[in-house]
Amino acid sequence: MNKDSLMKKIISAPYYLWAAMFIIVPLILVVYYAFTDVNGNFTLDYIKTLGSYRYIFLRSIWYGFLATVISLVIAYPLAYIMAKSSASVQRMMVMIVMLPMWMNFLIRTYSWMTILEDTGIINSMLSALGLPQVHIINTAGAVILGMVYNYLPYMILPLYTVMSKMNNSLIEAAEDLGASKMTVLSKVILPLSLPGVASGFTMVFVPSVSTFYISKKLGGGTFAMIGDVIEMQFQTSYNYNLGATLSLVLMILIILSMAIMNRFTDDDDGGVLI
Amino acid sequence: MKKIISVLVTVFMMILLNLNVFAFENESYYDVPELKGTSINVYNWGEYISEEDSEEDGLIDVNAAFEELTGIHVNYTNFASNEDLYAKLKSGGASYDVIVPSDYMVSRLIAEGLVQKIYPQELPNYKYVSEEYRGMYFDEKDEYSVAYSVGMVGLIYNREMVDEIPTSWSALWDPKYAGKILMFDNPRDSFAIAQKLLGQSLNTTDQVEWQAAADQLIAQKNFLQGYVMDETYNKMEAGEAALAPYYVGDFVCMQEVNPDLDFVYPSEGVNIFVDSVCVPTNAQNPEAAKLYINFLLDPEVAMANAYAIGYATPNTGALESEDYAEMAENKYLYPDIAPDTEYFHDQDDITRNTMNELWNTVKASGENSVSLYIAYGVTALIIGGFLIYRTALKKYRESFYDA
């Protein structure tokens with residue numbers, strides 16, 4: 001018994017060490033910087049200036065939310081179709097979903113610039129066909145498109161995993177009892193897939209809210225997101241304290257958003273979150 | 001016949017072994033036995049030296065040549081901004097022997113004691129530094145720094161996309177070009193343009209003036225395509241934008257790709273910068289660093305660097321070099337009529353904070369916040385309604401079990 005627990009401790013030691021070094025210590029540093037000034041004295045000045053970033057915070061969360069909802073709407077039917085296909089088709093489709101993730105995130109985003117620009121691929125094709133041009137780059141739409149494109153696989157994969165494990169006899173039972181297709185979807189499939197929805201939501205929402213590269217490239221820098229502002233504090237302003245304060249608030253807001261999200265899944269399977 | 005062959009073979013062998021075609025001045029100066037086998041850490045801007053790939057143009061690979069000449073190993077790394085460099089030095093995590101900060105950063109580093117006195121006049125090749133770039137405002141006694149490269153900001157325009165040649169920064173505020181205008185995505189350079197347009201100094205500490213400059217930038221935002229840095233290359237080269245402020249050396253590269261591009265120094269005045277070589281206080285090998293700096297000042301080396309970098313050189317030896325003649329006549333790098341220029345000075349904390357806060361305001365301005373609040377309200381209502389509905393439904397169902 002004793003030996004067993006010692007063994008356990010030894011095995012888990014590297015993970016505790018890892019967590020301490022790369023999760024706990026950085027978190028403590030963020031909190032420390034957020035409440036101190038340049039000279040290391042305690043201050044609440046940075047917290048007080050947060051009011052002026054109110055709008056940027058709200059917009060970042062809103063864009064992140066929209067991107068997540070759009071991803072969910074696209075991914076849900078796709079994941080269902082994948083889960084219902086034959087094994088070989090499933091493997092193929094998972095591959096296709098994963099394929100873009102093998103390319104560098106920065107390159108993928110940069111390519112979207114070339115596609116969306118006024119002299120880019122879409123507009124060249126439109127004008128070749130004699131159609132009017134569309135202005136997409138440097139709009140909010142382009143930023144959200146970039147988020148959806150980049151983070152869609154993180155929505156599809158958890159949904160697919162949950163759905164492919166779903167017990168088909170439950171659906172058959174519902175049909176035997178006279179449920180219509182819509183009722184089966186809303187009363188059986190949807191509730192059973194909620195854990196997948198919840199983890200997909202987290203995995204898309206969190207990186208979308210805190211993104212800075214996508215908004216910089218596809219938004220042309222005119223749509224400052226909170227990630228851009230934080231990046232600026234560390235890269236150009238050399239104001240680590242404000243940067244840390246903003247990061248801390250962003251973390252708290254994300255946790256709050258996830259808590260609201262938690263309310264939608266049943267209490268017993270809410271553990272999938274965070 | 002035999003003789004011809006032997007001559008040919010000799011010539012061929014010479015070409016094969018032709019590693020040291022470049023002659024440097026005073027080569028014996030570099031022969032310091034106790035430094036052989038040591039190494040120096042050089043920290044420079046990206047693509048800011050003549051490297052291996054410049055050899056195709058017949059230029060020296062500067063670091064390799066230095067290693068061969070002195071037996072000192074060069075660890076060469078890059079930084080992306082003065083602030084990055086400052087952060088690295090300040091944190092003390094890394095030790096460098098040679099760094100290349102810009103003017104205002106040199107003065108901050110001197111003020112904070114992060115760079116050491118190197119007395120560059122004692123270097124034999126210091127005589128090649130143009131008088132114009134000695135005794136600069138940030139190092140009046142020439143104790144800490146040696147000018148390496150000089151650049152200015154100007155206005156790039158696409159001849160095919162503008163009606164008349166712009167001569168003023170006000171072109172960037174011209175509604176005619178709405179959606180075709182780019183702007184710097186960093187506060188200091190962006191504010192500098194607004195400040196010049198308003199006739200202010202780039203180094204003002206007057207809060208009212210900063211506010212006025214910020215208002216000027218906010219007024220410009222509706223006409224902007226975007227705030228960009230490196231993307232200026234792509235967007236100007238592809239004709240995606242008509243007007244963009246940028247650094248002259250980069251413009252020279254862009255023009256090679258798109259000949260429709262042209263460049264002016266607006267009449268209100270422009271920002272000039274001098275990147276200077278310094279040695280940090282915590283350098284491990286300052287003697288080798290001095291050898292390296294002297295090597296950078298060698299006319300042959302300075303010429304190769306000036307050619308590869310594409311900015312103006314403060315080195316008279318390089319300027320007079322025959323190989324550099326074509327560049328020396330470049331009217332953008334060396335304009336006949338010198339534009340009205342002003343250096344950046346290091347800002348005090350208050351001014352820097354003011355600038356950064358105003359920059360945030362500029363970036364966040366011009367948005368319709370009402371629609372966002374409405375969107376939040378509607379979403380909150382939907383979520384709230386759904387939660388209430390669900391709770392009610394649960395209660396209703398539970399009421400059946402109670403009995």
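Chain identifiers are assigned alphabetically (A, B, ...) following the order of the sequence lines, protein sequences preceding nucleic acid strands; residue numbering begins at 1 within each chain. None of these values were measured; they are calculated from a predicted model.
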Checklist entry - Parallel, tilted or perpendicular: which fits the ring planes of B/Y376 and A/W62, with parallel below 30° and perpendicular above 60°? => result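 Correct class here is tilted.
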Near [X] [atom1], under 6.0 Å, is it more than 12 heavy atoms from other residues, nucleotides or ligands?
| X | atom1 | result |
| --- | --- | --- |
| B/K176 | NZ | yes |
| B/F79 | CZ | yes |
| B/R159 | CZ | yes |
| B/Y389 | OH | no |
| B/E47 | CD | no |
| A/M103 | CE | yes |
| B/I350 | CD1 | no |

Checklist entry - Do side-chain atoms of B/K363 reach the backbone of A/T222 as a donor and acceptor pair under 3.5 angstrom? => result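 No, the answer is negative, given that no donor and acceptor are paired below the 3.5 Å cut-off.
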Item to check | Residue selection (most heavy-atom pairs with chain B, distance under 4.5 Å) from A/I61, A/I56, A/T49 | outcome: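 Ranked by contacts with chain B, first place is A/I61.
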Item to check | Any residue meeting salt bridge (Lys or Arg N to Asp or Glu O under 4.0 Å) with A/R108, in chain and number order, not counting sequence neighbours | outcome: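 For A/R108, no residue satisfies salt bridge (Lys or Arg N to Asp or Glu O under 4.0 Å) once neighbours in sequence are set aside.
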I'd like to check [X] versus [Y] (side-chain heavy atoms, cut-off strictly below 4.5 Å). Are they in contact?
| X | Y | result |
| --- | --- | --- |
| A/Q233 | B/N360 | yes |
| B/K180 | A/D118 | yes |
| A/N239 | B/N353 | yes |

From [X] [atom1] over to [Y] [atom2], what is the distance, rounded to the nearest 0.5 angstrom?
| X | Y | atom1 | atom2 | value |
| --- | --- | --- | --- | --- |
| A/K216 | B/Y227 | NZ | OH | 13.5 Å |
| A/K217 | B/D230 | NZ | CG | 6.5 Å |
| B/E357 | A/L242 | CD | CG | 8.0 Å |
| A/T114 | B/N234 | OG1 | CG | 7.0 Å |
| A/D37 | B/D349 | CG | CG | 10.5 Å |
| A/Y53 | B/T361 | OH | OG1 | 8.0 Å |

Item to check | Toward chain A, the part of B/N82 with a non-hydrogen atom under 4.5 Å | outcome: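 No part of it gets close to chain A.
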Item to check | Proximity breakdown for A/F65 and chain B, heavy-atom pairs closer than 4.5 Å | outcome: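 A/F65 touches chain B through side-chain heavy atoms alone.
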Checklist entry - Relative to chain A, which of B/E231, B/R352, B/E83 shows the most heavy atom pairs under 4.5 Å? => result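 Max contact count across the listed options: B/E231.
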Checklist entry - Charged N to carboxylate O under 4.0 angstrom, B/K235 versus A/E117? => result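 Here B/K235 pairs with A/E117 in a salt bridge, since their nearest N and O are under 4.0 Å apart.
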